[in-house]
Amino acid sequence: MSLIADEIVRFSSVLKIAYNFLTGRAYLKRKKFREKQKLVSVPLPFSDLPFAAGTVPVFPIRMHNFKINQYLTYLGTASNIFGWKGVSNFLSFVKNLGISEVSKIVDDIIEDVIREINEKYNEMYDIGIEGGISSDFCYGLKSLVGMNLSKSRNVDAYMNVTIRCSAFNKYLESLSAINNEPRPIWIDIPPRNIGNALELLTDNVSHALSDFEQLTGNTISDNMLRNHFNISNQVKRAYNTIIYDISASDFYPCNPATFSEIMSLLNITFIDYNSNATRYRDNMNSLVNEMRERIRKHIGMDVSDMPRIFVTPIFGGWEPKTHDYIYELGGRALYADWGLLKLLEELPISPSNNPVEEYARFLLNATQTGIGCDNDKLTDSYLRMAKELNADGVVFIQLFGCHSISNCYRMLRDKVRKELEIPITAITFNKIGENIEQVKTRIGAFMEMF
Ligand code: SF4
């Protein structure tokens, strides 16, 4: 892991994003109690309306106390004085001195961030199981139940956007049984491409906005929606640049294991933008700039001979060691779930567009062409993404308990072999750390094909 730490500390934006993720609890407490803002729980990247409405979206795990390496705490304090760029320069300088004890401290910081997030996910999973969720549910849902059992008392509303997964929709319905204090704000997405789907969904988005108005007591204007869409478009642009331009290129600004680590951090933090859209936008923009600057100076790694392995889906849970094994065996793991699901599409913000309808169109497009209404559409999305990434192979994560998207593997395997003519394999997943040996063996056999 020291190689990973060595690289990550050179990206001040990554330190900031990790720090903002881990210190969410203090930030959210301040928002709720001092600034009297409303907190809205979001389980997937549907934070646009909460932000536009002037509330604070939160992926509930961030209300937990994370054990933060004491040095990261010092760095956070130091960043108030010197800025994160100064902190990153200082850390790079320290690493370059080659003093092993000091160097180890920096390694420990990054290791702690990654380990702590994974352990917290597993802790949520255990709370979910203890709380009585059936063991038949997937890792993601068990963890979400754990997050809500432990923290829903702090939120004022649930942002409930239905998706094609019936288990997920049942989970949304069960939230009121866990805690009926927060107001459920529903956006029901018509599941099929029926004639008036857009009209129905536009209506549903309007209702959700009325619920937000009742929650805050403030009116939401079209301009408030457009202003937030403008910020989220910039986040998406930066994210797309990292996925399509940088991760698919032949020269990386860091080693591929570090790159995958950054991509998995973005995968989690994109859900609620660490509860602050402008701060997240700025961090994403500086991440792109830092990456480009390193590539321009030819600092990083030539990865032209390393096969691109598209690992997906990871949003419901996966073994994070997967990318380490792929890297150790000469490949590079690419993560791009949100692009695959069409959640990185920009929203039109021209005054001539109706922003409510545009948001409905965005949700409909994600439902019908991203995750798809059926396995045929969904597998086409995987195929499209693999093509766009120019992938040399696909590792499909089959979640225990997922009857909605994991069961398309056979269809996907046939399509990938026939249409892309590249290798594909599946790895089963139940809980982080539980199946490491099998992941290692499976990846080992898979990587021999390259
Ligand atoms: S992993 Fe499968 S079961 Fe779990 S929420 Fe996603 S689609 Fe539903």
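The first residue in the sequence is number 1, and the count goes up from there. In listed order, ligands and their atoms are each counted from 1. These numbers come from the heavy atoms of this one structure, side chains and all, not from hydrogens, waters or symmetry mates.
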> Is the His323 ring parallel, tilted or perpendicular to the Trp318 ring (thresholds 30°, 60°)?
Replying inline: tilted

> Of the options Arg183, Lys32, Lys31, which is the one that meets Asp156 in a salt bridge (charged side-chain N to carboxylate O under 4.0 Å, His left out)?
Replying inline: Lys32

> Which residue owns the protein heavy atom closest to atom 6 (Fe) of ligand 1, what's the atom, and how far is it?
Replying inline: Phe315 CE1, 4.0 Å

> Any idea how His228 and Phe51 line up, ring-wise: parallel (<30°), tilted (30 to 60°), or perpendicular (>60°)?
Replying inline: parallel

> So with a 6.0 Å cut-off around NZ of Lys415, is the heavy-atom count from everything else above 12?
Replying inline: yes

>> Please enumerate all residues that pass ring pair (Phe, Tyr, Trp, His ring centres under 6.0 Å) together with Phe21, with sequence neighbours excluded.
In response: Phe66

>> With 2.8 Å as the limit, count the protein N, O or S atoms near atom 2 (Fe) of ligand 1.
In response: 1

> Mind checking whether Tyr139 and Tyr125 have ring centres under 6.0 Å apart?
Replying inline: yes

